[in-house]
Asks: 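Dropping the structure in here first, questions after.
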Amino acid sequence: MELTPKAQAVELIRQSQNVLILTHRDPDGDALGSLLALRTVLQRLGKNVDALFFGQVPTSMSFLPGYAEVKEKTITPSNDLIITIDSRNTGEDLKLGYKKIVDEHRIQIVITPPKGALMPEDVKVERSIPKYDAVITLDCSTFELLGPIYTEFPDLFFETPTVSIDHHVTNSYPAKVNWVDMTATSTAEMLVALIEALGRGENLLDEEVATCLLTGLITDTGSFQNMSTTPKSLTVAAQLVAAGAKHQEIIEHISSKSLTTLKLWGRALAKIQANTDLRYIWTELTTSDFADLDLPDGDDGSLIDELLKSATNVDFVFILKEKEGGVRGSMRSVAKDFDVARLAAIFGGGGHKAAAGFRVEGELESVRGEILTKIEAALQAAPVLVTPIITPTS
Ligand SMILES: [Mn+2]
């Protein structure tokens with residue numbers, strides 16, 4: 001009998017001793033909570049775990065247990081340099097030698113093929129990276145969204161068994177094992193079932209793990225207020241609270257706003273623009289808005305969910321934020337059934353029907369016009385955007 005993707009994920013994780021856990025760039029509460037929870041659980045099961053992410057975390061999430069240990073963590077390549085030679089055209093009996101050019105402090109490595117000629121493009125030079133038995137990506141619909149690790153260490157993803165655990169409709173089934181549950185409100189919700197299976201009767205859901213997971217459920221459902229909230233998510237939340245999740249503390253951290261955040265909101269609100277015909281409002285924040293207030297780029301304290309989404313008489317809202325040489329767009333639907341993931345897809349982004357995002361390279365000043373034009377064109381071409389039914393192929 002063929003195993004379900006969930007059972008395959010459980011099996012692979014059980015058999016793996018050295019595990020790398022990753023999540024999408026600029027993790028939100030679900031991504032970070034899931035990363036920290038799984039890290040703790042696998043460590044308790046005696047595994048060697050590396051867990052890391054790229055980009056920034058909202059400051060409101062830094063209270064999560066274990067955060068200090070994953071922030072700014074990177075993969076540490078060993079001191080070795082690996083030279084890989086494609087010997088298909090020359091045969092494998094290469095002769096290796098080296099020449100010291102002492103005066104110039106240089107060493108030349110000489111590779112002589114048994115036949116034919118070696119070309120520079122036959123040679124790949126890279127740093128050696130640690131060996132993992134499994135790479136687990138959480139809350140991440142494509143490997144590109146992981147950030148630079150995917151482009152810097154591509155072999156990691158081809159040579160190691162990969163598991164994608166995700167709840168996004170836009171998941172591209174990038175891994176060897178893809179456990180994608182589009183009915184789950186959050187990756188954290190899925191992990192509760194995974195952790196139960198890994199525990200084999202042993203309770204691995206303690207206060208710390210439950211707090212991380214409940215944070216994921218709370219942030220991805222907008223504190224159980226948005227349309228994606230399901231009866232199951234409420235049951236799972238109750239289970240996490242019973243396991244000791246500190247729900248009061250989570251809510252306090254998520255909803256408390258510093259004076260600087262409020263000042264930033266003031267700037268964003270002053271810049272709100274409306275398109276009444278096409279029924280949306282939007283605003284923007286530049287690098288200097290963040291810098292003036294000494295806030296990390298892009299950290300707006302979930303302005304879009306807490307303020308913009310409460311707008312009436314609009315179908316959707318979005319915010320454009322300058323970040324790391326590009327512009328990050330965050331979109332939320334206000335009207336039921338309006339699909340913002342389809343709009344984000346115009347720019348190569350993705351997400352859910354009710355919440356989606358994208359990134360465009362360049363300064364806001366130079367890309368703003370094009371972004372607005374494309375959104376308007378899409379709305380005029382198809383005013384009601386409906387998500388196609390996606391059938392997983394395997
Ligand atoms: Mn999520």
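Counting convention: from 1, in listed order, for ligands and their atoms alike. Predicted, not measured: the structure shown is a model, and the values here were computed from it.
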Asks: For the Mn ion (ligand 1), give me the closest N/O/S atom belonging to Asp139, just the atom name.
Replies: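 Nearest N/O/S atom: OD1.
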Asks: Would one find an N, O or S atom of His167, in either backbone or side chain, under 2.8 Å from the Mn ion (ligand 1)?
Replies: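 Yes - counting backbone and side chain alike, His167 has an N, O or S atom under 2.8 Å.
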Asks: Would you say Asp133 and Ser16 are linked by a side-chain donor-acceptor pair, where the criterion is simply a distance under 3.5 Å?
Replies: no
Asks: Is any side-chain N of the basic residue among Lys323 and Asp26 closer than 4.0 Å to the acidic one's carboxylate O?
Replies: yes
Asks: Looking at Glu322 and Arg368, does any basic side-chain N land under 4.0 Å from a carboxylate oxygen?
Replies: no
Asks: State the CD-NZ distance between Gln108 and Lys100, to the nearest 0.5 angstrom.
Replies: 13.5 Å
Asks: The Mn ion (ligand 1) is nearest to which N, O or S atom of Asp220?
Replies: OD2
Asks: Restricting to N, O or S, what is the name of the atom of Asp30 that lies nearest the Mn ion (ligand 1)?
Replies: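 Nearest N/O/S atom of Asp30: OD2.
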